[in-house]
Visitor: 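There's a structure below that I have some questions on.
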Amino acid sequence: MSMRMPGLRFKADDGSEFPDWEERTSVELCSRMIGGGTPSTSNTDNYNGDISWISSSDLDVDNITTVRRTRFITERAITTSATKKVKPGSIAVVLRVGVGKVALLDRETCTSQDFISLEDVTGDTKFIAYMLSARMQREAVRTQGTSIKGIPATRFKELTYRMPSSIIEQRKIADLLSTVDDVIAVQQAEVDAWEQRKKGVMQKLFSQEVRFKADDGSDFPDWERKKLGEICEYGRQRGIGAHYVGTQNMFKDFRGIAINDPEAEASGSLYFEGDTLMSNIRPYLKKAWKANCNGVCSTDVLVFHPTNVESDYLHCIIASDSFVTYVMSAAKGSKMPRGDKAHIMHMPLILPSLPEQRKIADCLSSIDDIIIKARAELTKWQELKKGLLQQMFV
């Protein structure tokens, strides 16, 4: 049987075809594999060194060059634990918690027990890292919904890959993906910058450091002290409807929702256009959305119906860090904390008049429009990269 070839191939600089791809196992990708380990935490001096130690949480699943370095261990911590030094230019692969994450190490590093690292890679290092990233993300999907918490090292070593036998073709693929990653990084930075700007604007507006004027140039009335329960109420109606919203299809960090099948009907709490929905499971994930239609949601999602407040302004209150901090201050449960509904409605507020609320909401909405466009552009590049990975790594 002939070996399946990728859907996208490069040509040599003279226009000729590169040689056929070859098949290798994980162990054939490098000269040495190194497992990770965790230094003892009983001696705090172990973390006062200058050798970087990383765990799976220090990596991003979508970028092989993202490595956050916040912990540094001593030589003694290495000699008294299972962790070992990994040379610069090695590739760290997460096999346990966080399967799917791969990092190209640019300096000497030690890793946690979640990793296996490949030293002295036989081929273009960046290409191998991209190839492993694509494969491990597929492996991560296969482990979901099972008792498997990761991939055994023995199984990882037996995995096979189809890859160019020509290192020049490897480099061309790596260069293309690296260029796309650079664009994604720039676009992500733009999204992050606008989100930070919005937080700064909200801080100035809600603290009244900056005030709007009425259309005739006069000052708006002083803000009034209220409780959240005086300006809105929980939606308590139950029923059957479409546009189902559950905690699982709400994006964290106030980034809205995704509904795969809007027409599918379900039972739950009814919500109406203009209401603000918030996941009450693990409120610190910051899942909130202003409804632009009528629908039904999980009973784990709180529905806030405006009664004496602009609906957009109510959303500004709910989708804010200060609101999340307040909710978490009385949340119940450790692993899956939930907000206390009575406590939430007692949240103290200082509220502007309705006309000033509209101006504040319009200002923040204009920033949201920019953020939405920037996120959409980011998503396009991320989808492009995903498509390239699917076509290049078979």
Side-chain angles (χ1 to χ4, degrees), residues 144-145 195 198-199 202 206 226-262 264-351 357 361 364-365 368 371-372 375:
Q144 291 178 0
E195 288 178 342
K198 182 184 175 183
K199 287 182 180 180
M202 290 177 70
F206 289 164
K226 300 276 187 180
K227 286 186 168 57
L228 185 63
E230 296 180 77
I231 64 171
C232 69
E233 61 186 14
Y234 288 125
R236 302 186 185 277
Q237 290 182 255
R238 301 289 186 268
I240 297 174
H243 294 94
Y244 178 79
V245 176
T247 60
Q248 72 281 358
N249 62 331
M250 301 182 78
F251 298 134
K252 64 181 182 178
D253 296 325
F254 311 127
R255 295 188 177 184
I257 63 168
I259 300 178
N260 293 329
D261 187 359
E265 291 194 336
S267 62
S269 301
L270 298 180
Y271 65 84
F272 301 93
E273 183 176 357
D275 290 344
T276 291
L277 280 59
M278 184 200 83
S279 171
N280 200 34
I281 295 179
R282 296 192 291 177
Y284 59 81
L285 292 178
K286 304 177 184 179
K287 294 183 175 183
W289 172 64
K290 179 176 176 288
N292 55 12
C293 61
N294 298 343
V296 66
C297 63
S298 163
T299 53
D300 290 324
V301 176
L302 299 180
V303 178
F304 295 90
H305 179 70
T307 57
N308 190 28
V309 64
E310 283 286 320
S311 60
D312 286 334
Y313 191 85
L314 176 61
H315 178 255
C316 291
I317 294 172
I318 305 300
S320 68
D321 289 341
S322 58
F323 178 78
V324 172
T325 300
Y326 178 82
V327 173
M328 286 302 300
S329 69
K332 300 174 181 178
S334 54
K335 291 185 178 180
M336 297 284 282
R338 295 170 181 263
D340 181 278
K341 294 173 70 173
H343 173 76
I344 290 172
M345 282 303 185
H346 280 87
M347 179 180 177
L349 303 169
I350 304 178
L351 203 70
Q357 289 177 31
L364 296 175
S365 178
D368 279 338
I371 293 173
I372 289 169
R375 282 185 191 150

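When reading the values below, keep in mind they use all heavy atoms of this one structure, side chains included, and skip hydrogens, waters and symmetry mates. Quick caveat, the model's predicted, so the values are computed rather than measured.
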Visitor: If we only count heavy atoms from C-beta on, is the T247 to N280 side-chain gap below 4.5 Å?
Guide: no
Visitor: Below 6.0 angstrom between ring centroids: does that apply to Y326 and H343?
Guide: yes
Visitor: Is the closest side-chain heavy-atom distance between V303 and R236 below 4.5 Å?
Guide: no
Visitor: Minimum heavy-atom separation for L314 to H305, with atom names?
Guide: CD2-C, 4.3 Å
Visitor: Any donor and acceptor pair, going by atom type alone, linking the side chain of T307 with main-chain N or O of C232 inside 3.5 Å?
Guide: yes
Visitor: Side chain to side chain contact (heavy atoms under 4.5 Å, CB included) between M278 and W289: does it pass, once the steps are laid out?
Guide: CA-CA 7 Å; M278 184 200 83; W289 172 64; over 6 Å; no
Visitor: Heavy-atom distance under 4.5 Å between the side chains of L277 and L302, does that happen here?
Guide: no
Visitor: Strictly below 4.0 Å, N to O, side chains only: are R255 and E195 in salt-bridge contact?
Guide: yes
Visitor: Is F206 close to C316 at the side-chain level, that is, under 4.5 Å between some pair of heavy atoms?
Guide: yes
Visitor: Do the charged groups of K286 and D321 touch, with an N to O distance under 4.0 Å?
Guide: yes
Visitor: One thing to verify: whether K287 and D253 come together as a salt bridge, which I'm taking to mean a side-chain N less than 4.0 angstrom from a carboxylate O.
Guide: no
Visitor: Any luck finding a side-chain donor-acceptor pair between S269 and R238 under 3.5 Å?
Guide: yes
Visitor: Nearest heavy-atom pair of S267 and I240: which atoms, and what distance?
Guide: CB-CG1, 4.1 Å
Visitor: For the CG atom of N294 and the CG atom of L270, what is their distance to the nearest 0.5 Å?
Guide: 9.0 Å
Visitor: Would you say that more than 12 heavy atoms from the other residues, nucleotides or ligands in this model lie under 6.0 Å from the CG of D261, or not?
Guide: yes
Visitor: Any side-chain heavy atom of V301 sitting closer than 4.5 Å to one from Y271?
Guide: no
Visitor: Decide yes or no for I259 and V245: does some side-chain heavy atom of the first lie under 4.5 Å from some side-chain heavy atom of the second?
Guide: yes
Visitor: Starting from the C-alpha separation in whole Å, work towards a yes-or-no answer on side chain to side chain contact (heavy atoms under 4.5 Å, CB included) for M345 and F304.
Guide: CA-CA 10 Å; M345 282 303 185; F304 295 90; 4.0 Å; yes
Visitor: Restricting to ring-ring contact (aromatic ring centres under 6.0 Å, His included), what partner residues turn up for Y244, sequence neighbours left out?
Guide: none
Visitor: What are the two closest non-hydrogen atoms of F254 and S320, and how far apart are they?
Guide: CZ-N, 3.6 Å
Visitor: Is there a side-chain contact between P306 and I231, using heavy atoms and a 4.5 Å cut-off?
Guide: no
Visitor: List the atom of S311, the atom of T276, and the distance in Å for their closest heavy-atom pair.
Guide: O-OG1, 4.4 Å
Visitor: Side chains of H243 and V296, heavy atoms from C-beta outward: is any pair under 4.5 Å?
Guide: no
Visitor: Can you tell me how far apart OG (S279) and NZ (K252) are? Round to the nearest 0.5 Å.
Guide: 13.0 Å
Visitor: Decide side chain to side chain contact (heavy atoms under 4.5 Å, CB included) for D300 and R338; before the verdict, give the C-alpha distance in whole Å, the side-chain angles of both, and the deciding distance to 0.1 Å.
Guide: CA-CA 9 Å; D300 290 324; R338 295 170 181 263; 2.8 Å; yes
